[in-house]
Protein chains: 2
Amino acid sequence: MANKEITIKDVAKLAECSPTTVSRVINNSDHPVSKETAEKVEAAIKKLNFSPNRIAQGLKSDRSNIIGVIVHDICDSYFAQMVKGIEEFISGHEYIVNIYNTSRSVEKELHAFNLLKANRADAIILAGGALMDKKYEQKMHSMINQLQNQNTLVLGITPHPFDIKNIILGNDRALEVITDKVIEYGHRKIAYIDGPEKLYTSYLRKKGFKKSLEKNDIAVDDNLIFKGDFSFNGGRKAALEIIKKINSITAVVAANDSTALGAMWELNHQAIKVPDQISVVGIDNLPEAKYSYPPLTTIEIPIYQLGTNIGEYLLNRLNENCNYQFKDIKIKLIMRNSLKRLK
Amino acid sequence: MANKEITIKDVAKLAECSPTTVSRVINNSDHPVSKETAEKVEAAIKKLNFSPNRIAQGLKSDRSNIIGVIVHDICDSYFAQMVKGIEEFISGHEYIVNIYNTSRSVEKELHAFNLLKANRADAIILAGGALMDKKYEQKMHSMINQLQNQNTLVLGITPHPFDIKNIILGNDRALEVITDKVIEYGHRKIAYIDGPEKLYTSYLRKKGFKKSLEKNDIAVDDNLIFKGDFSFNGGRKAALEIIKKINSITAVVAANDSTALGAMWELNHQAIKVPDQISVVGIDNLPEAKYSYPPLTTIEIPIYQLGTNIGEYLLNRLNENCNYQFKDIKIKLIMRNSLKRLK
DNA sequence: TTGTATGCGTTATCAC
DNA sequence: GTGATAACGCATACAA
């Protein structure tokens, strides 16, 4: 049944030359090949629909051409866009984009790393924020070590507490900027909806929020910090809590757009007017943030572009261009209607 | 610099046995190995943090463990959910999920297939609908042939005009069901927003829409069929056209939820009340459909579950369980508030 | 300009 | 119960 695979040998036979010569043609080798034979080889390749077995090539060259991408949730626009950007760049250059969803589970993330290690991935992108968990960190240290010994490049998006190249997005800075804006608009009673616990990105974003408050001589009130999980539903739940304290709050800063969108939805649903009764702002500038009621004021983090930049960086590094520097992305304040100026 | 990879030989040396024995331990081979040596091997493996090189294993076994997933756009909730479901099942079983975004471009899809072929993928999932393009079909026929010769399993989600296993979702049936409902609610002047041209899924969905109309003795009016592209913005544009003919339309059936959501947004924006002035329904039941204004009446296609079913099916087939039957998913009408009953 | 021999890491076959 | 050997498909060092 199983038709035998077409190999370089079959091509050689048809082109009446040696497998070595075929290999040279395939790889545009420096080694000279006569025009005549090259043409015969090309013809044979076409005739047989031959493509070299990348698995075998990989074994030889000690490269798998696999780029592992570990995300928390591919259904989250943030990650979907990043992956799209990475894929756009990477598969155009014959690499395999191998994705894993971890749902922020330590076990799943470790599982992904084990598979990627076994597959001798050329690079691994930790697309999500670092998990804050002692056991995880310990195991990861060892894992990163092994990976580096087998020449796997590991890249962290946002800071990770390992000895890897971390891409800094300025999450803390972004929160500071938007909170500054909220304050500039006259708000002083400002609630915050947090990100998931045990996620370093949450910590960073909250840090930026607090920094802005302190800078502006506003006391940080822990009663005005609400739980969230970066999700729409998390935002909805938080909104319900916020409503209970509605008289002591004029604005809500959410740890991300999904949360802000969920909060606004619930606020609307409970007949609280945004921004008339309460302002809401987010971070990320997801595509859908433009179409909420009201349109969301937020910080743009150009995630898709981040993805292509990651791809470009990886490609250069993987090809020994050690001097290539990562192209940083720029955040930008997007003013829409969910933030109201107070008199 | 480059630390040498740890191989089965290193383990053998440390465990004082032959590579063959190590291999037997790794693979829980039937061949007997004494408990004593087995333990020594296990210990060595742990000590060296060894994991067998899957690339080399793949070369030997003629299996790459790569599952290619070709989607139109990973940022589209529909595909994101499907990929998540597939990944959930597949990487739990040590397979690599290798995704490609094609933006419905013939070239990109062909490119993906070429890479997947070169990488000797064990299976390829055509997650999006078939492209209706003569050249594409021609090239694909040959490609599918080559793929089958090298034992790659190709799976089409929705019908594809190739000799592959196609999973039928009942796109036409779904449109028929929801249009029936719209008619049951007293509507007879019904507009339709189409999907992308040259996509077989668009054709199928429109077919279901028309079938319902005809069944109910309503003439199909081509002036009431508007262009769309399955996207939110496509829905917005269509809505603008629909508004021009608002007096001859009481309901809009959209080819998918994204389109319906975009249309509703624009309608709201232009101060047209949904569903009081006009009803809108969609297909897919995306997560966000629950949170629109008003919540969208639609057909649920359990995409995530479809993904896990695909994973399960593939796993069985790849392990020679040829009798395993694909578990079909069930569509379901979801009544919310965007459809109004006419007197 | 061409070809032969060897090895990448693993496993199946066969011998012991 | 154990191990030497060949082979998977390819690319390189070396020889001619």
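Naming convention: chains lettered A, B, ... in sequence-line order (proteins, then strands); numbering from 1 in each chain.
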How many whole angstroms separate atom [atom1] of [X] from atom [atom2] of [N]?
X: A:E16; N: C:dG3; atom1: CD; atom2: P; result: 10 Å
X: A:N27; N: D:dA13; atom1: CG; atom2: C1'; result: 15 Å
X: A:K13; N: C:dG3; atom1: NZ; atom2: P; result: 14 Å
X: B:R54; N: C:dT11; atom1: CZ; atom2: P; result: 10 Å
X: B:D10; N: C:dC8; atom1: CG; atom2: C1'; result: 14 Å
X: B:R120; N: D:dC10; atom1: CZ; atom2: P; result: 6 Å
X: B:L48; N: C:dG9; atom1: CG; atom2: C1'; result: 15 Å
X: B:N119; N: D:dG9; atom1: CG; atom2: P; result: 15 Å

[N] phosphate, OP1 or OP2: any side-chain N/O from [X] under 4.0 angstrom?
X: B:Q57; N: C:dG9; result: no
X: B:T21; N: D:dG3; result: yes
X: A:S18; N: C:dT4; result: no
X: B:T20; N: D:dG3; result: no
X: A:S34; N: C:dT2; result: yes
X: A:N53; N: D:dC8; result: no

Sugar-phosphate only, base, or nothing, as touched by [X] at under 4.0 Å among non-hydrogen atoms:
X: A:D62; result: nothing
X: B:P52; result: sugar-phosphate
X: A:T37; result: sugar-phosphate

Any sub-3.5 Å donor-acceptor pair from [X]'s side-chain atoms to [Y]'s backbone N or O?
X: B:D122; Y: B:S64; answer: yes
X: A:N65; Y: A:I96; answer: no
X: A:T102; Y: A:K108; answer: no
X: B:R54; Y: B:E94; answer: yes

On the 0 to 90° scale, with breaks at 30° and 60°, tag the B:Y324-B:Y313 ring pair as parallel, tilted or perpendicular.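 The arrangement is tilted - the two ring planes meet at 30° to 60°.
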
Using the six-membered ring wherever Trp is involved, compare the ring planes of A:F162 and A:H141 and label them parallel, tilted or perpendicular (cut-offs 30° and 60°).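 Answer is perpendicular, since the angle exceeds 60°.
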
Map B:L59 and B:P19 onto DNA chain D by nearest heavy atom, then report which one ends up closer to the 5' terminus.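 The residue whose closest nucleotide sits nearer the 5' end is B:P19.
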
Do A:T308 and A:E312 get their side chains close enough for a donor-acceptor pair, meaning under 3.5 Å?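 No donor-acceptor contact under 3.5 Å links the two side chains.
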
Quiz question: by atom type and distance under 3.5 Å, do the side chains of A:S91 and A:E87 form a donor-acceptor pair?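 Yes, A:E87 and A:S91 have a side-chain donor paired with an acceptor closer than 3.5 Å.
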
No-H, no-angle donor-acceptor pair, A:K60 side chain to C:dG7 base, under 3.5 Å: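 Such a pair is found, so the answer is yes.
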
For A:Y136 and A:M143: C-alpha separation, side-chain torsions, deciding distance, then whether side chain to side chain contact (heavy atoms under 4.5 Å, CB included) applies. CA-CA 10 Å; A:Y136 166 76; A:M143 175 58 84; over 6 Å; no

Does atom NZ of A:K165 have more than 12 heavy-atom neighbours from other groups under 6.0 Å away?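 Counting neighbours around NZ of A:K165, more than 12 heavy atoms of other residues, nucleotides or ligands fall under 6.0 Å, so yes.
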
Sub-4.0 Å heavy-atom contacts from residues 38-45 of chain B onto DNA chain C, ordered by number: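 Nucleic-acid contacts, sorted: none.
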
Just the table, please: protein N/O against nucleotides 14-16 of chain D N/O, every pair under 3.5 Å.
none

